[in-house]
Amino acid sequence: MTKYDFKAIEGKWQSKWEEEKAFEAKNDYTMPKFYALIEFPYPSGNGLHVGHPRSNTAIDIIARKRRMEGYNVLYPIGYDAFGLPTENYAIKTGIHPEIVTERNISRFRAQLKRLGFSFDWSREISTTDPEYYKWTQWIFLKLFEKGLAYKAEIPINFCTSCKVGLANEEVVDGVCERCGGEVVRKVKSQWMLKITEYAQRLIDDLDKVDFIEKVKTQQRNWIGRSEGAEVDFKLDGFDKTLRIYTTRPDTMFGATYMVVSPEHPVIKELEDKIENIEEVKDYQQKAARKSDFERSELAKDKTGVPLKGINAINPATGKAIPVWTSDYVLMGYGTGAIMAVPAHDTRDYEFAKTFDLPIIEVIKGGDVEKEAYTDSKNGELVNSGFLNGLTPKDAIPKMIDFLEENKIGTRKVNFKLRDWVFSRQRYWGEPIPLVHCEKCGWVPVPYEELPLKLPMISDFVPSDDGSSPLARATDWVNTTCPHCGGPAHRETDTMPNWAGSSWYFLRYTDPHNDNELASKEALDYWLPVDWYNGGMEHTTLHLLYSRFWHKFLYDIGVVSTPEPYMRRTSHGMVLGENGEKMSKSRGNVINPDDLVDEIGADAFRMYEMFMGAFDQPIPWSTKGARGCYKFLDRVWRLQEMICDEQGIRDDMKFLVHSTIKKVGEDFERMKFNTAIAAMMSFVNEVYQKGSITKDELTVLLKLLSPVSPHIAEEMNENIGNTQPLYNAKWPEYDESALVEDNVEIGIQVNGKVKTRIMIKNGLDKAEIEKLVIEHDDVKPFIEGKTVRKVIVVKNIVNIVVA
RNA sequence: GCGAAUGUGGUGGAACGGCAUACACAACGGACUUAAAAUCCGUCGGGGAAACCUUGGGGGUUCAAAUCCCCCCAUUCGCACCA
């Protein structure tokens, strides 16, 4: 009996799988299909993180099980390789990003291959490959064609350190998500994508898919739909109205002042009429200088300035109310102006208290002396004319009807979601395939000229004025207009790295197609993705963006499903051994290579799954990982315990079949830790027994093979099975074998467990009751007491005595 | 501030409302060994003679609660002036 030599075994089977093309998806579109997907990694210079294999192994287990169940499985891999870290590295070292990317990908590929994932390597892609980004550009041009890509002068989030514009989603706590640099607002001309046009559908279609609830909730909150009304307030003494948005039209009788955002155009329009215009302008400037971080940090203290001389008429009461400006009202949401109802809105309340503005209670139910009463369902309207006596819930529609009848307002739905800032002033991204011509404006690069390749340059440092490094590649920038032939220049901004990842799962279905992003047949067969696992951090970024692109492609007939992913699950983060997030600065990063050297890929994979509940964050434990090695070594030595008997022995039937059931069901529920525990129990019992048959062992190896495939294949071969496990049939359990002859039942007296007894299985309740009451072990607990009731449930009997 | 999740031995964690602490890690004891490692076999929530106590704390529903309901406390993660 040889030692468990995981190095030799793993190398041997990895080569074998490759030679036999064991995991290549078949282009046989008549077979039942299963598309398993993980988020393709960003090939960073640090190599694989122990978090990657958690998602990869989980879906690998599912993919391998599906193959054994007869599905044509697509489990692809690729690299999301455009992006800032590579570019920053290039700036620091002078090595071209293309070379860095190539190097990083090689390292990732080697690390992934070492772990024995059943990826279809023949479909490997990289977003930086011109043959790939040709189609990223193609989709962009389609969006442009349909009016969903537009250029706008907007205040953007600008990272002062990366010198790059960021999407709202990339600003975390007021600082840059990637580098932690300060983010300020800067007005720039940017390409935007109209994701807001899909806002309603992105919410509605969540009902069609099986995503974990957390993801759905987060997406809904991010899209932030609200129903309300837009109302025009007349400005006293002017032929002019100020439009506001409110979700609480029922409180309109309590609107005692109005507030406009500092960026609101009305200030400019009424410049001459505002008596304290200098003070107002000063406030505007201060607000503009504030970074987002400062704006939110200072949120506690309300600031503002009245627009002296400007009053509005409350359309409900007919009374004149003052107009203020304050940065607690945002230009980007609603109309940039609000009616302030201090009695029933927390922010308005604070503002009114700060500036001593009147507070009128219009809903009874709280104590407006102390705080705003904001319940939009309960309470009773007062001081509100025709709404008096109603609850807010009933008053809202009634007020909207009133506004619509009198043509001063309309029903209106608003979303928090903003359009997607799509331009980056960076080098290492897909060039935006547009040309600007003085005469013709923005003109698309003709489809037949795609891919528009990134020019080779050697200086990637972004300019201080925030323009892209590509602007300096004048040979490339200066071109002719595809429309009129006149002089023109290319767009020098590039796409964000969310572009390539928004559709990569489509390319996998037909990755070498030169004529289309993928053939219709391939797309129709493989889509939607059956099971997609990835990180929660991508919920409002990648996951939302790719749903948007997919819906657009659905609308133009490229794909046939309205949603890209049927099922979405999420893994918990792997923390350092000290329970903190793994990071270089904390010094608690675990390098998978070292551990794989020590315990092998099979044990490593197993530990990744065994360490804890899949969806919870779990601290790493290298000792725990070594425990999995110990278990596999124990499995290995089962070969010495094979006996001459055949088949599954009677006294093993229950164990074998209940383990098949448990492992299979737990895999499907992503309860990998308890599935592995069941296999450990199985092995413990075999050790107790001292022997195992070849057939019993074969079952165990099949169950083990999705988690630790190399050792399972090797042992399977050793014991004389000729069919490799990767295309063996997944074992089925026999229901009748799950019924034991005798069962242990727990005896409770008044709900507390007192003892346990063995009884024959299959008795009815009355028989069990009789048996229990008369049982010698039970008697002491009920002697001299009156039995009030006996409850028999499954394997518990509860005797209620007095 | 709002929302969500989590809280069980020394540690990671199990447990359709039905025998709490499965399975591991660590620790301890024994066997094997000249010795160690590895391996195998045991012990392992508290308390103890037994009774009994124990799932962050307090209440409740139930024959029965880690699990369901209410109120607190703590930790983590989202969102954060969205009218």
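Chain A is the first sequence line, chain B the second, and so forth, proteins listed ahead of strands; every chain is numbered from 1.
If you check B:A83, B:C63, B:G13 against the side chain of A:N798, the one that comes closest is B:C63. Side-chain atoms of A:V329 lie closest to B:A83 of the nucleotides B:U39, B:A83, B:C52. Relative to the side chain of A:L330, the nucleotides B:A4, B:A83, B:U6 differ in distance, and B:A83 lies closest. Side chain of A:V800, nearest nucleotide from B:G13, B:C63, B:C79: B:C63. Distance from the side chain of A:P619 is smallest for B:G12 among the nucleotides B:A83, B:G12, B:A4. The side chain of A:Y687 lies closest to B:C41, out of B:A80, B:C41, B:C52.
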So if I define the base as every atom that isn't primed, P, OP1 or OP2, how would nucleotides 19-26 of chain B read as a B/S/- string at a heavy-atom cutoff under 4.0 Å? BS-BBSSS
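Note that A:R637 lies outside the cation-pi zone of A:Y4, set by a 6.0 Å cut-off to the ring centre and a 45° limit from the axis. Cation-pi geometry between A:K302 and A:Y328 is met: the NZ or CZ atom falls under 6.0 Å from the ring centre, inside 45° of the normal.
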So what's the dot-bracket for RNA chain B: Watson-Crick or G-U pairs under 3.5 Å, [ ] if a pair crosses, | if it pairs off-strand? (((((((..(((.....[....))).(((((.......))))).((.....))..(((((..]....))))))))))))....
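Glycosidic conformation of B:G9: syn, with the torsion inside 90° of 0.
Under 4.0 Å is where a charged nitrogen must lie from a carboxylate oxygen, and between A:E39 and A:R568 at least one such pair does.
At least one side-chain nitrogen or oxygen of A:Y333 sits closer than 4.0 Å to the OP1 or OP2 atom of B:A83.
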